[in-house]
Amino acid sequence: MNQVKLNDRRVTNGWCMYDWANSVYSLTITTAVFPIYFESVTTSAEGSKLVDFLGWQLPNTVLYSYALSVSFLLTALMLPLLTGIADYTGKKKTFLKIFAYLGASACAAMFFFEGSNIEFGIIMVILASIGYSGGLVFYDAYLPEIATADRFDRLSAKGYSLGYIGSVILLILNLLMIQKPEMFGLQEGSLPARISFLTVAVWWAGFAQITFNRLPANPFNKTETDHWFKKGYKELRLVYSQIKTLPNLKRYVLAYFFFNAGVQAVMYLASLFGSKELQLPTEALIKIVLIIQLVAIGGAYLFANLSKRKGNVYSLMAMIIIWIVVCIMAFFVQNEMQFYGLAIMVGLIMGGIQSLSRSTYSKLIPEDTQDHASFFSFYDVTFNVSIVAGTVAYGTIEWLTGSMRFSALGLGVFFIIGLIIVRNVKVRKV
């Protein structure tokens, strides 16, 4: 029996604060500063964008997208067993801490990446990504343990919105430091950008303490034995055998695999698209990233309200259709102003589809289960594998065609398949 009082504001706000804490990684490291920094320090003085990595020669942006793919694949391989152990022992919060500190430490270590040590930089990219995506499953699994189903959509949207706000605040501070280093007693060069990676580590680990202090350590008062590894594996098998009897949940996860592959590839590689295809300056790329984040706050609540009136599936389908339009428009975009318009559209649907995807899955989990981490491992493994599919497809299409425009068009196929499948999903009314 769950010993936690549901809808307790102190607990739910503490849960939302982890979005505030870890979203700075998503914005500064994966979207705004680090990708631009990575391309800059891995481009030779002659303008060559080919880099040597473990004896391979690859375009720098392709190597970066493949590094992300590796990180998500590794996370997908380790999560199922870890969530089974977490459910059996009741130690979700312990695993959340481990991954949070791993991710923050890797971000701090990025301070020492200056381009020449390419292998070190890629390893830190992989570890930071594992820390971020690995922690999400244990974080997400708390949602049905701290709130009633009628609060899932709104609470999920609140978490993502806080994440967007917090990440924008830190990004603005970092941009001031990068563009006006003299204000901080720094000189121009790579140091301000590298210090920004340190600020992400401090912010992430620091604000996560609010979450760690407020979330219950063991909501169902589970006890462990010396056979926790074996029992964790058994717990996982039990949940996965239960999933086989839930065709509606499986249908939703399959749809999620396809549309999330497109969403995540766009999020992770949008700034590189603007830099490489449109030759936009760093200042324009940063403005675009800020626009996406700020619009996403309203988008998260807009589609949460739409789902309240029309249902989760209706709201998801509306967003996926807009994503398809975005992919087509990206193929034809030619200038900075058009890219700004595209950014507004992406922001509107990015916040909505992320928050609603999580809350929709929460509604499809059996109401009487205590194995939320194991159930969410099914969701988060799909999340990670779908990113592998999306980023590999994106990078491979670019490699074969020489243009990211065809990559963007290719992502539209993922959304079309997701749309076809999700329309047949039935979500219980709450």
Side-chain angles (χ1 to χ4, degrees), residues 2-30 33-34 75 79 82-83 85-86 89-111 124 127-147 155-174 177 195-222 293 297 354-355 358 372-373 376 380:
N2 192 347
Q3 302 297 313
V4 178
K5 178 184 176 183
L6 299 180
N7 302 326
D8 183 294
R9 288 189 64 184
R10 185 176 185 276
V11 175
T12 56
N13 287 340
W15 179 81
C16 290
M17 282 302 294
Y18 191 71
D19 261 315
W20 171 282
N22 75 347
S23 290
V24 293
Y25 161 82
S26 295
L27 186 55
T28 298
I29 302 297
T30 66
V33 179
F34 187 81
T75 306
L79 277 184
L82 294 183
T83 54
I85 295 172
T89 61
K91 290 187 175 181
K92 284 195 303 295
K93 187 156 74 169
T94 299
F95 281 104
L96 176 59
K97 288 181 179 180
I98 291 171
F99 280 102
Y101 292 140
L102 171 65
S105 298
C107 291
M110 287 178 181
F111 174 83
M124 290 307 106
L127 290 179
S129 178
I130 289 174
Y132 173 77
S133 58
L136 286 179
V137 63
F138 304 101
Y139 167 62
D140 291 342
Y142 268 103
L143 180 56
E145 296 181 2
I146 62 173
L155 187 58
S156 185
K158 181 178 181 179
Y160 272 105
S161 295
L162 281 176
Y164 297 137
I165 295 169
S167 56
V168 165
I169 291 172
L170 184 62
L171 180 61
I172 291 174
L173 176 64
N174 285 331
M177 182 169 57
I195 290 177
S196 74
F197 308 148
L198 286 176
T199 66
V200 169
V202 173
W203 182 290
W204 187 352
F207 282 109
Q209 301 309 309
I210 299 175
T211 302
F212 299 156
N213 289 333
R214 294 189 182 184
L215 285 182
N218 191 352
F220 298 104
N221 291 325
K222 294 187 176 182
Q293 298 295 308
I297 298 169
Q354 285 185 300
S355 64
R358 176 170 63 186
H372 295 108
F376 263 98
D380 282 270

Minimum side-chain heavy-atom gap [X]-[Y] below 4.5 Å:
X: Leu155; Y: Cys16; result: yes
X: Tyr132; Y: Thr75; result: no
X: Leu170; Y: Val200; result: yes
X: Asn174; Y: Phe197; result: no
X: Arg214; Y: Ile210; result: yes
X: Phe99; Y: Asn22; result: no
X: Trp20; Y: Thr211; result: no
X: Phe207; Y: Leu162; result: no

Results of side chain to side chain donor-acceptor pair (under 3.5 Å) for Lys158 - residues two or more places apart only: Asn13

With sequence neighbours excluded, tell me which residues meet side chain to side chain donor-acceptor pair (under 3.5 Å) with Tyr160.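 For Tyr160, no residue satisfies side chain to side chain donor-acceptor pair (under 3.5 Å) once neighbours in sequence are set aside.
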
Taking only residues two or more places apart in sequence, or in another chain, which ones meet Ile195 in a side-chain contact (heavy atoms from CB on, under 4.5 Å)?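 For Ile195, the residues satisfying side-chain contact (heavy atoms from CB on, under 4.5 Å) (neighbours in sequence not counted) are Phe111, Met177, Leu186, Leu191, Thr199.
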
For Ala109, check side-chain contact (heavy atoms from CB on, under 4.5 Å) against everything at least two apart and list the hits.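 In terms of side-chain contact (heavy atoms from CB on, under 4.5 Å), with neighbours along the sequence ignored, Ala109 is linked to Phe120, Met124.
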
Heavy atoms only: give me the nearest [X]-[Y] pair and the separation to one decimal.
X: Pro144; Y: Phe376; result: CD-CE1, 4.0 Å
X: Ala106; Y: Ala128; result: CB-N, 3.4 Å
X: Leu79; Y: Ser133; result: CD1-O, 4.5 Å
X: Ala108; Y: Leu198; result: O-CD2, 3.5 Å

Verify, without hydrogens or angle tests, whether Trp203 (side chain) and Ser23 (backbone) share a donor-acceptor contact under 3.5 angstrom.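 Between the backbone of Ser23 and the side chain of Trp203 there is no qualifying donor-acceptor contact (under 3.5 Å).
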
Tyr142 side chain to Thr12 main-chain N or O, any donor-acceptor pair under 3.5 Å?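 Such a contact is absent between Tyr142 side chain and Thr12 backbone.
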
Centroid-centroid distance, Trp204 to Tyr25, less than 6.0 Å: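 Centroid distance Trp204-Tyr25: below 6.0 Å, so yes.
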
Candidate pair Val137 and Phe95, rule side chain to side chain contact (heavy atoms under 4.5 Å, CB included), full reasoning: CA-CA 10 Å; Val137 63; Phe95 281 104; over 6 Å; no

[X] [atom1] to [Y] [atom2] distance, which is reported to the nearest 0.5 Å:
X: Ser167; Y: Asp19; atom1: OG; atom2: CG; result: 9.5 Å
X: Phe212; Y: Tyr18; atom1: CZ; atom2: OH; result: 5.5 Å
X: Arg10; Y: Leu215; atom1: CZ; atom2: CG; result: 10.0 Å
X: Leu82; Y: Thr94; atom1: CG; atom2: OG1; result: 12.0 Å
X: Ser355; Y: Ile297; atom1: OG; atom2: CD1; result: 12.0 Å
X: Leu127; Y: Met110; atom1: CG; atom2: CE; result: 8.5 Å

Ring pair (Phe, Tyr, Trp, His ring centres under 6.0 Å) with Tyr164: which residues, sequence neighbours excluded?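 Counting only residues at least two positions away or on another chain, Tyr164 forms no ring pair (Phe, Tyr, Trp, His ring centres under 6.0 Å).
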
Going by the salt bridge (Lys or Arg N to Asp or Glu O under 4.0 Å) test, which pairs reach into residues 131-144, not counting sequence neighbours? Asp140-Arg358

